[in-house]
Number of protein chains: 4
Amino acid sequence: MAQTSTPEEPARTRPNPRRRSERARKAILTAAGELLGEVGYNRLTMEAIAARAKVGKQTIYRWWPAKSAVVLDVFAELTGGSAGEPLPDTGDLPADLRTVMHGIVDELADPLMDRINRAVIAEMQADPELAEHLTRTLLRPNLDAFGERLRAARDAGQIDPGLDPAITVELLLAPIQNRWMMRTGALSHAYVDTLIDTVMRALRPRD
Amino acid sequence: MAQTSTPEEPARTRPNPRRRSERARKAILTAAGELLGEVGYNRLTMEAIAARAKVGKQTIYRWWPAKSAVVLDVFAELTGGSAGEPLPDTGDLPADLRTVMHGIVDELADPLMDRINRAVIAEMQADPELAEHLTRTLLRPNLDAFGERLRAARDAGQIDPGLDPAITVELLLAPIQNRWMMRTGALSHAYVDTLIDTVMRALRPRD
Amino acid sequence: MAQTSTPEEPARTRPNPRRRSERARKAILTAAGELLGEVGYNRLTMEAIAARAKVGKQTIYRWWPAKSAVVLDVFAELTGGSAGEPLPDTGDLPADLRTVMHGIVDELADPLMDRINRAVIAEMQADPELAEHLTRTLLRPNLDAFGERLRAARDAGQIDPGLDPAITVELLLAPIQNRWMMRTGALSHAYVDTLIDTVMRALRPRD
Amino acid sequence: MAQTSTPEEPARTRPNPRRRSERARKAILTAAGELLGEVGYNRLTMEAIAARAKVGKQTIYRWWPAKSAVVLDVFAELTGGSAGEPLPDTGDLPADLRTVMHGIVDELADPLMDRINRAVIAEMQADPELAEHLTRTLLRPNLDAFGERLRAARDAGQIDPGLDPAITVELLLAPIQNRWMMRTGALSHAYVDTLIDTVMRALRPRD
DNA sequence: CATTAACCGAGACGGTACGTCTTGTCTTCAG
DNA sequence: CTGAAGACAAGACGTACCGTCTCGGTTAATG
């Protein structure tokens with residue numbers, strides 16, 4: 001699911017995915033998720049996952065190349081569903097942004113999601129290929145959904161058409177992710193509201 | 001400098017810092033920096049640092065608790081000097097911001113700084129104490145320097161006094177850090193200029 | 001074979017001996033024997049054995065608790081076969097003793113056997129349990145073989161029945177081992193012959 | 001005292017023995033003796049000796065080349081005095097032997113002497129130079145003292161003049177040392193008496 | 001008696017080996 | 001004939017000591 005490797009690589013006698021044991025797959029992801037919550041990413045080991053999942057280590061290595069890939073699938077399992085979902089459009093842009101962005105900070109507040117997100121972020125720093133993959137499959141669709149909503153607002157004459165939509169989305173989302181990552185401040189709903197208000201000032205059409 | 005540990009811990013016969021070999025300290029940080037550039041953080045090992053620095057492993061462990069602490073000192077050595085330096089103030093806020101923020105993206109463009117920054121960011125995700133320490137000693141002073149420059153502009157009547165200064169700084173810096181971290185776009189000077197222009201729109205005083 | 005440990009100890013998830021790699025076992029003992037001959041016991045290291053045997057260190061530690069145990073198995077491999085073999089009985093006691101005891105000094109003259117024997121003797125001084133084990137499995141059977149031959153001679157009326165057989169055996173073997181250990185004199189066949197003659201004087205039946 | 005090294009070696013600025021601190025010398029030997037009794041030879045370390053003796057490590061290395069040399073001096077301190085002392089001569093050879101040999105087994109029964117003796121024996125196996133040195137300075141004089149007493153007995157016509165005196169001494173002492181080293185039997189006074197009686201049978205003059 | 005060289009306690013240093021841990025592959029054996 | 005169990009080769013981990021090397025602070029022989 002979250003396979004990082006490019007398909008052109010050596011590929012030593014690939015296993016047949018049709019014979020894959022769904023029971024083992026689930027047990028591995030569950031065990032990995034549990035252990036991630038218990039000991040954190042760094043002290044998570046393949047051996048512990050295998051033991052917890054009652055699975056041979058080979059069964060993990062057969063389907064995932066490394067610890068990071070397993071955790072990535074845990075991550076994908078938890079967040080993949082909602083990737084690229086369009087934003088609500090009630091006609092009231094700030095209100096719609098509030099709805100979605102409150103959801104984002106709520107998700108980041110969940111301890112397990114926090115841990116997994118941090119593990120994935122850390123792994124992305126070390127592995128550009130992984131970063132590229134995740135950006136394309138998960139992050140970009142979400143950014144595009146924001147872009148789409150902003151385009152609608154622009155077409156309705158609510159925001160200045162001369163603005164770069166990419167930057168506008170960044171102004172909304174980067175401060176939140178940044179606060180969360182650097183832990184430089186609380187991620188309250190009030191904060192989100194102030195942020196949205198401030199950004200909206202930059203968006204209003206020039207008179 | 002980058003000691004993470006709280007002072008309340010066991011503390012088994014601390015070494016005497018006055019007898020510390022400056023030669024060894026430098027050799028270790030240099031070796032760590034070089035290796036970090038060559039193989040990256042994950043494949044950086046204490047053994048390799050010791051070998052490259054012509055130093056006994058114990059000499060590293062005597063002064064640093066872990067690999068991350070060594071890399072942190074490499075980082076501190078490279079960036080620590082400029083922490084909290086006040087921004088230039090020519091009276092032209094956007095121009096001053098451009099000066100400083102061009103410098104930031106230039107720094108991030110340097111391959112070694114890129115690797116070290118990413119390693120530190122990743123480590124901060126796994127170690128909240130470290131995050132807190134770095135935020136306080138390096139990040140916060142820099143954010144405050146931006147805050148100070150914005151206060152001057154506000155006092156000069158150039159920006160709206162009703163804005164939250166913390167959020168304003170975030171609007172300027174978070175998008176850059178975010179692009180760099182998620183690799184979602186190029187970090188050109190032109191991008192920085194557009195970003196500044198957009199944020200400036202949000203700051204202009206209400207009529 | 002040369003396991004010293006008592007079976008009552010903690011026993012952390014013992015490895016399964018049926019899955020043991022015979023290839024690795026042989027390679028380890030061979031490497032240990034070679035290195036013992038090359039650098040001696042004190043400078044023999046587990047790391048060197050592992051490297052020479054192309055074996056992971058863990059594979060050694062899985063099956064042997066310490067360097068001494070490995071060397072012990074090298075020793076057992078070389079000498080274990082002949083333990084407790086009965087002495088020849090041609091009816092001529094001195095001649096039979098000469099045959100066997102010449103063999104003993106010849107064995108001690110072999111450089112590898114000399115090194116291993118000395119290592120084992122030294123280890124026995126430091127580890128009484130090991131001493132007890134070796135005495136029971138290797139030394140005692142050999143002493144008993146001598147005792148048996150002497151009993152036959154006594155039954156044939158060739159030696160005084162009032163003598164303590166344990167002491168008689170010691171009179172024959174201790175001087176040889178002592179000379180070898182303390183290096184107080186040459187271990188020639190002539191020496192052995194004179195020794196036997198002298199001891200025989202003590203054994204002749206009282207008139 | 002127990003210096004093994006030959007005087008021809010490099011000799012890097014020898015320390016001046018006249019300025020040697022007697023306090024340090026005694027403290028080191030005492031500490032070494034105590035630790036030897038507590039943890040045994042193998043787990044005895046120079047660092048522990050230095051710490052226990054409140055002495056810098058260099059002060060040990062200045063006067064002794066290695067751990068074995070220190071222990072050797074502990075040994076020499078305990079046994080050196082009596083080396084080469086002539087045996088009593090009351091005219092009754094067996095009685096005189098009993099006196100001396102009872103003393104020997106009593107000494108071996110003392111726990112500290114046992115440990116040090118075993119450590120020295122073990123070290124002699126690994127270090128032939130040391131063995132040679134000890135044999136010459138301590139062992140040989142003692143053997144010669146026995147030889148001298150036997151010569152007196154021979155001159156008095158009490159034992160056969162045709163016997164090799166070296167072997168005769170070995171017949172008396174080797175079984176004791178052997179029993180002690182291999183722990184093959186108890187070292188009682190009764191055992192010594194029987195041993196002496198048996199050997200005396202071999203010594204009586206031929207009719 | 002003052003000087004001064006050397007020894008002293010202390011402990012950091014460059015190293016080596018230890019015994020453990022984890023990785024990713026290979027082998028065995030039970031279902 | 002699959003897959004759990006786990007032994008394997010490899011190699012980094014963090015620790016313990018080794019024997020050498022500074023660093024002040026005494027201490028004892030000489031001038």
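Here is the naming used below: chain letters follow the sequence lines, and residue numbers restart at 1 for every chain. Since the structure is predicted, the reported quantities are computational estimates derived from the model, not experimental observations.
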Do Gln58(C) and dC21(E) have a side chain to base donor-acceptor pair shorter than 3.5 Å?
yes
Between Trp64(A) and dT23(E), is there a side-chain N or O to OP1/OP2 distance below 4.0 Å?
no
5'-most by nearest nucleotide on DNA chain F - Glu47(B) or Ala53(C):
Ala53(C)
For dA5(F) and Arg19(C) - does any side-chain N or O of the residue sit under 4.0 Å from the phosphate oxygens OP1/OP2?
no
Ile60(A) CD1 - dG6(F) C1' separation (whole Å)
14 Å
Can you tell if the side chain of Gln125(C) reaches within under 4.5 Å of the side chain of Ile121(C), non-hydrogen atoms only?
yes
So Lys57(D), base contact, sugar-phosphate only, or nothing? Heavy-atom distance under 4.0 Å.
base
Check whether any side-chain heavy atom of Val71(B) lies under 4.5 Å from a side-chain heavy atom of Glu123(B), and answer yes or no.
no
dC23(F) phosphate, OP1 or OP2, under 4.0 Å from Arg18(B) side-chain N/O
no
At less than 4.0 Å, is any side-chain N or O atom of Trp63(B) found next to OP1 or OP2 of dC13(E)? Yes or no.
yes
Ignoring backbone atoms, establish whether Thr45(B) has a side-chain N or O less than 4.0 Å from OP1 or OP2 of dA12(F).
no
Length of the line joining Arg62(A):CZ and dA5(F):P, which is rounded to integer Å
14 Å
Considering all heavy atoms, the nearest Ala53(D)-Ala27(D) contact:
CB-O, 3.5 Å
Does a side-chain N or O from Arg23(B) land closer than 4.0 Å to OP1 or OP2 of dG14(E), or not?
yes
How long is the line joining CZ of Arg25(B) and C1' of dG14(E), in whole Å?
19 Å
How many whole angstroms separate atom CD of Glu22(D) from atom P of dA28(F)?
12 Å
Six-ring centre of Trp63(B), Arg25(B) cation under 6.0 angstrom, axis tolerance 45°
no
How close or far is atom C1' of dC17(F) from atom CE of Met46(D), stated in whole angstroms?
11 Å
Calculate the interatomic distance between Tyr61(B) atom OH and dA12(E) atom P; express it in whole Å.
18 Å
Separation of atom CZ in Arg43(B) from atom P in dA10(F), rounded to whole Å
19 Å
Can you tell me the distance, in whole Å, between the CG atom of Leu35(D) and the P atom of dC17(F)?
11 Å
Would you say the side chain of Asn117(A) lies within less than 4.5 Å of the side chain of Phe75(A), judging by non-hydrogen atoms?
yes
On DNA chain F, nearest-nucleotide positions of Arg20(C) versus Lys67(D): which is more 5'?
Arg20(C)
I want to check one thing: is the phosphate of dA9(F), taken as OP1 and OP2, less than 4.0 Å away from some side-chain N or O of Thr59(C)?
yes
